[in-house]
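Worksheet for the structure shown next.
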Protein chains: 2
Amino acid sequence: MGVPRVRHSIFDTLPESLRSEILGVFQTMHFEHGKILFCAGEPCSGLPLVLSGVVRVQMTGLSGNNIVLYRMGADEICTLSIGCLMTGEGFRAEAVVEEDTEVFMMPRDVFDRLMDQSAGFRRGIMDSYGRRLNDLMLLVEEVAFRRMDERLFCWLEARAEQGFLMITHQELATELGTAREVISRLLKELERKGKLRLARRRIEFTRQFFD
Amino acid sequence: MGVPRVRHSIFDTLPESLRSEILGVFQTMHFEHGKILFCAGEPCSGLPLVLSGVVRVQMTGLSGNNIVLYRMGADEICTLSIGCLMTGEGFRAEAVVEEDTEVFMMPRDVFDRLMDQSAGFRRGIMDSYGRRLNDLMLLVEEVAFRRMDERLFCWLEARAEQGFLMITHQELATELGTAREVISRLLKELERKGKLRLARRRIEFTRQFFD
DNA sequence: GCTCAGTCAGTGATAAAGTCACACAAGCTC
DNA sequence: GAGCTTGTGTGACTTTATCACTGACTGAGC
């Protein structure tokens, strides 16, 4: 495998001495596909910096339904955990690893120290917070006002470049925060229109899809 | 009117010298009921610290529908503006004054300086961010999964202590991110059940409401 | 190969919520 | 009072959610 290039841009602005000290102390953690980075209600053991891979953050409603809130990719920070880390209360969300992931788990005291000592670090954290807040606001708008057929189509469109997707209707329903039956019916409708071909766990996009 | 006690708890942890300097430079601004603190897309002139009053933050969907995201009261910080302030892009939200409000409008350079110099200030900002994020996550869950009759009832319940409310159905619809007709029908239903009495701009709670 | 259990998808019936169109009523100005 | 604006009520219809059930596909074990 070789030694992975372990880096995160939030360290770029640190003075050299501080950086090498931090990087020396840290060990990176590996999480495989399907592993849970943190669960709903669990106290937070540190601030995860995502070095590579993809982590999905989703929440379970009181009704038991799920919805995906956002994803974190390489070079992102699990902003959600900061609140967790500071107040000690867990959030009602869980983080599931979608693609094998490397994470720096930054302990609380290191986080505090960097917040104290580095303006660049602070800026990175605040940026991340701002983006997350914006994402969630857009999500509220989407869930409240957009039609499901349009939302589904957009979601598919954003991942159609490979020509097909391996995903179950239930997983799609969780992405959009709706029921499996709704997705099944909308997909069938798209298949009737000739934009898709459906199979078990598989959605294939036809040329028509892109018109 | 007398001189209002102009204070905000985020200043409490500042060293005395810094605090008196900041407080000396600031002027508080007054906003009256109905005034707009900031509009969607508008660049941000500073970080508003709410000293008194109530400000409602709402967003307009692409469809033109509105939904209330959250409210800010005395001693709160308009966290949303920080992202705005840092990236220079406006958010798609607007802030409307509900009860006459006093605000410290903190300029960008002062914000940066306090972030640099005060751990307490940083902590206050991060706390505020965490709470906002949590609120929005709960809102996503509510909008995605909860039934409207239940949401309406909870909303009314939380403000029923006075025995009546002066509000239009359209305003209620904006609170919950739905259509006016939906609210009208649900309210009529509650009236039929004897829990409310409806009049123009007015909802009166009967004893039955509280059972 | 065959059976069986578990997972995944399709669908009808019904209820809840959103949209459209319009009627009408209350309060305001002239 | 006439004419206007704002707020509410309601029918008709569409979209979405929920419930209940069916059957199809897949993999493990025999």
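Proteins come first, then strands; the chains are lettered A, B, ... in the order of their sequence lines, and each starts at number 1.
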Closest-nucleotide 5' rank along DNA chain C - winner of A/A199 and A/R185: A/A199
Proximal nucleotide (of D/dT16, C/dT11, C/dA17) relative to the B/L186 side chain: C/dA17
Any donor-acceptor N/O pair, B/R56 side chain to B/R71 backbone, under 3.5 Å: no
Between D/dT8 (P) and B/L190 (CG): distance, integer Å: 15 Å
Between D/dT8 (C1') and B/R197 (CZ): distance, integer Å: 18 Å
Any donor-acceptor N/O pair under 3.5 Å between C/dC8 base and A/Q170 side chain: no
OP1 or OP2 of D/dG7 under 4.0 Å from side-chain N/O of B/R200: no
d(CG, A/L187; C1', C/dT11) in whole Å: 14 Å
Candidates D/dT10, D/dT16, C/dA9 - which lies nearest the side chain of B/K188: D/dT10
Under-4.0 Å side-chain N/O to phosphate OP1/OP2 contact, A/T178 with D/dA17: yes
Between C1' of D/dG23 and CG of A/L198, the distance in whole Å: 17 Å
Pairwise 5' ranking along DNA chain D for A/R147 and B/E191, keeping only the more 5' one: B/E191
Under 3.5 Å donor-acceptor pair, B/R180 side-chain atoms to D/dG9 base atoms: yes
Separation of C/dA26 C1' from B/M166 CE (nearest whole Å): 13 Å
Atom-pair distance (CZ on A/F145; P on D/dT16), nearest Å: 15 Å
Pair A/K195 + A/E157, salt bridge at N-O below 4.0 Å: no
Whole angstrom value for the distance that separates P of C/dT11 from CD of A/E189: 11 Å
Polar side-chain atom of B/R132 near backbone of B/T79 as donor-acceptor pair, under 3.5 Å: no
Nucleotide nearest B/H169 when distance is taken to its side chain, options C/dT7, C/dA17, D/dG9: D/dG9
Short side-chain to backbone donor-acceptor contact, A/D75 and A/S9, under 3.5 Å: yes
Interatomic distance where CD belongs to A/E181 and P belongs to C/dA9 [whole Å]: 12 Å
Side-chain donor/acceptor of A/T206 to backbone N/O of A/G194, under 3.5 Å: yes
